[in-house]
Amino acid sequence: MDTYKRSIRGLQSRSNGEHFEGMILAASRFYEERGIAAVDKTPEAFKVLKAMDRNRGQFICCFTKQAQPDFKGILMDSTMILFDAKHTDKDKISRDVVTAEQQACFERYMKLGAMCFLVVSLEFKEFYRVPWVVFRDMKKIYGHKYMNREELEPYRIKYSNGVVKYLDGIVLR
């Protein structure tokens, strides 16, 4: 694949990822308005190297460390939640979409009792909430480092009235 096609594919992937995160933020507002959970997007860690246009808020920066999972929050029963949003236009989700930094963060939070999972979108048509332990151990469970639609099916969540219902079905303490 030539550089131009890779560049276009990268831009499209980034745009789809941002759109999916926006859908998760909208769902988070839905849950917060109903007193079910408070969830926030984890900011990217970066350092400003040089201001370009202060009036427009433009600058040159670099990331200071790899990204953590996208969202952190708390449920109405005081359970901490930590999750990442992953979108793909393929019919399966690969294990390698989670970075080493994200894996370490999931493990740290899980040891302290947090509920950790991934919210997965396949083509913006099907949505799933996959527990971190299942995603982490997919090679042991399924024999390969990806999950296809059939393997994702037990974790399907609803999308209705413009809301990805990523917390529906969670049993509170």
Side-chain angles (χ1 to χ4, degrees), residues 10 12-32 36-45 63 65-77 79-160 162-173:
Q12 184 177 20
S13 292
R14 203 165 22 263
S15 176
N16 286 343
E18 288 174 5
H19 177 69
F20 187 44
E21 287 181 0
M23 292 171 72
I24 299 292
L25 286 170
S28 298
R29 286 192 298 276
F30 169 86
Y31 287 120
E32 188 161 1
I36 297 168
V39 177
D40 295 305
K41 172 90 172 81
T42 305
E44 299 288 344
F63 292 105
K65 66 178 184 175
Q66 289 234 327
Q68 294 183 13
D70 293 325
F71 297 93
K72 295 175 185 167
I74 190 159
L75 300 177
M76 62 190 295
D77 69 350
T79 301
M80 166 78 182
I81 59 174
L82 178 73
F83 64 98
D84 201 55
K86 298 293 183 191
H87 169 79
T88 183
D89 289 319
K90 299 176 183 171
D91 62 351
K92 61 185 175 185
I93 188 80
S94 175
R95 173 65 177 79
D96 64 5
V97 298
V98 177
T99 67
E101 173 75 21
Q102 290 170 326
Q103 291 175 53
C105 195
F106 278 133
E107 293 297 327
R108 280 186 17 244
Y109 277 73
M110 200 171 60
K111 283 179 185 173
L112 294 172
M115 184 180 296
C116 299
F117 53 91
L118 284 88
V119 179
V120 177
S121 161
L122 297 185
E123 305 175 284
F124 292 119
K125 295 177 187 171
E126 298 165 22
F127 303 91
Y128 308 89
R129 182 186 61 238
V130 182
W132 166 242
V133 293
V134 172
F135 200 86
R136 177 193 68 198
D137 297 340
M138 68 174 64
K139 173 78 170 149
K140 268 191 260 180
I141 298 168
Y142 305 110
H144 42 78
K145 291 186 175 185
Y146 63 86
M147 291 177 75
N148 59 33
R149 280 187 163 89
E150 183 181 326
E151 293 155 348
L152 287 165
E153 189 57 35
Y155 308 105
R156 183 187 286 268
I157 53 177
K158 292 180 184 173
Y159 175 74
S160 62
V163 178
V164 178
K165 304 280 181 88
Y166 68 86
L167 292 179
D168 283 18
I170 288 179
V171 178
L172 300 173
R173 290 190 256 180

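The analysis underlying the following values was restricted to heavy atoms, covering all of them including side chains, and did not include hydrogens, waters or symmetry mates. Here the structure is a predicted model, which is why all the values come from computation and not from measurement.
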Evaluate Trp132 against Val98 for side chain to side chain contact (heavy atoms under 4.5 Å, CB included), listing each step before the verdict.
CA-CA 10 Å; Trp132 166 242; Val98 177; 4.0 Å; yes
Might you work through the side chain to side chain contact (heavy atoms under 4.5 Å, CB included) test for Asp96 and Lys145, ending with a clear yes or no?
CA-CA 8 Å; Asp96 64 5; Lys145 291 186 175 185; over 6 Å; no
Locate the shortest heavy-atom distance separating Lys165 from Ser160; write the atom from each residue and the value.
NZ-OG, 3.2 Å
Can you tell me how far the CG atom of Asn16 sits from the NE2 atom of His87, to the nearest 0.5 Å?
4.0 Å
With distance as the sole test, does Lys86 use its side chain to make a donor-acceptor pair with the main-chain N or O of Leu118 at under 3.5 Å?
no
Excluding sequence neighbours, so at least two apart, what forms salt bridge (Lys or Arg N to Asp or Glu O under 4.0 Å) with Lys72?
none
Distance (rounded to the nearest 0.5 Å) between Met115 CE and Leu167 CG
8.5 Å
Would Leu25 and Phe71 satisfy side chain to side chain contact (heavy atoms under 4.5 Å, CB included), going step by step from the backbone distance to the final call?
CA-CA 9 Å; Leu25 286 170; Phe71 297 93; 3.7 Å; yes
Under the ring-ring contact (aromatic ring centres under 6.0 Å, His included) test, residues paired with Tyr155 that sit two or more places apart:
none
Look at the side chain of Thr99 and the backbone N and O of Gln102, then say whether any donor-acceptor pair between them is shorter than 3.5 Å.
yes
How many angstroms lie between CG in Asp91 and NZ in Lys125, if you round to the nearest 0.5 Å?
11.0 Å
Judged by modelled atom types alone, do Asp168 and Tyr31 share a side-chain donor-acceptor pair under 3.5 Å?
yes
Supply the atom-to-atom distance Ile81 CD1 to Tyr166 OH, rounded to the nearest 0.5 angstrom.
5.5 Å
Any residue meeting ring-ring contact (aromatic ring centres under 6.0 Å, His included) with Tyr159, in chain and number order, not counting sequence neighbours:
Phe127
Please identify each residue that fulfils ring-ring contact (aromatic ring centres under 6.0 Å, His included) with Tyr142, with sequence neighbours left out.
none
Suppose we screen for ring-ring contact (aromatic ring centres under 6.0 Å, His included). Which residues come up paired with Phe117, at least two apart in sequence or across chains?
Phe83
Apply side chain to side chain contact (heavy atoms under 4.5 Å, CB included) to residues Asp84 and Val97 and explain how you reach the verdict.
CA-CA 10 Å; Asp84 201 55; Val97 298; over 6 Å; no
Are the side chains of Val134 and Met147 in touch, meaning some heavy atoms are under 4.5 Å apart?
yes
Identified side-chain hydrogen bond (donor to acceptor under 3.5 Å, both in side chains) counterpart of Gln103 within the set Arg136, Arg108, Arg95
Arg95
My understanding is that only residues two or more places apart in sequence, or in another chain, count here; which of them pass side chain to side chain donor-acceptor pair (under 3.5 Å) with His144?
Glu151
To the nearest 0.5 Å, how far apart are CG in Leu152 and CZ in Arg156?
9.0 Å
Hey, are the side chains of Phe20 and Ile24 touching, using non-hydrogen atoms and a 4.5 Å cut-off?
yes
Where Leu82 and Cys105 come nearest, the two heavy atoms and their spacing:
CD2-O, 3.8 Å
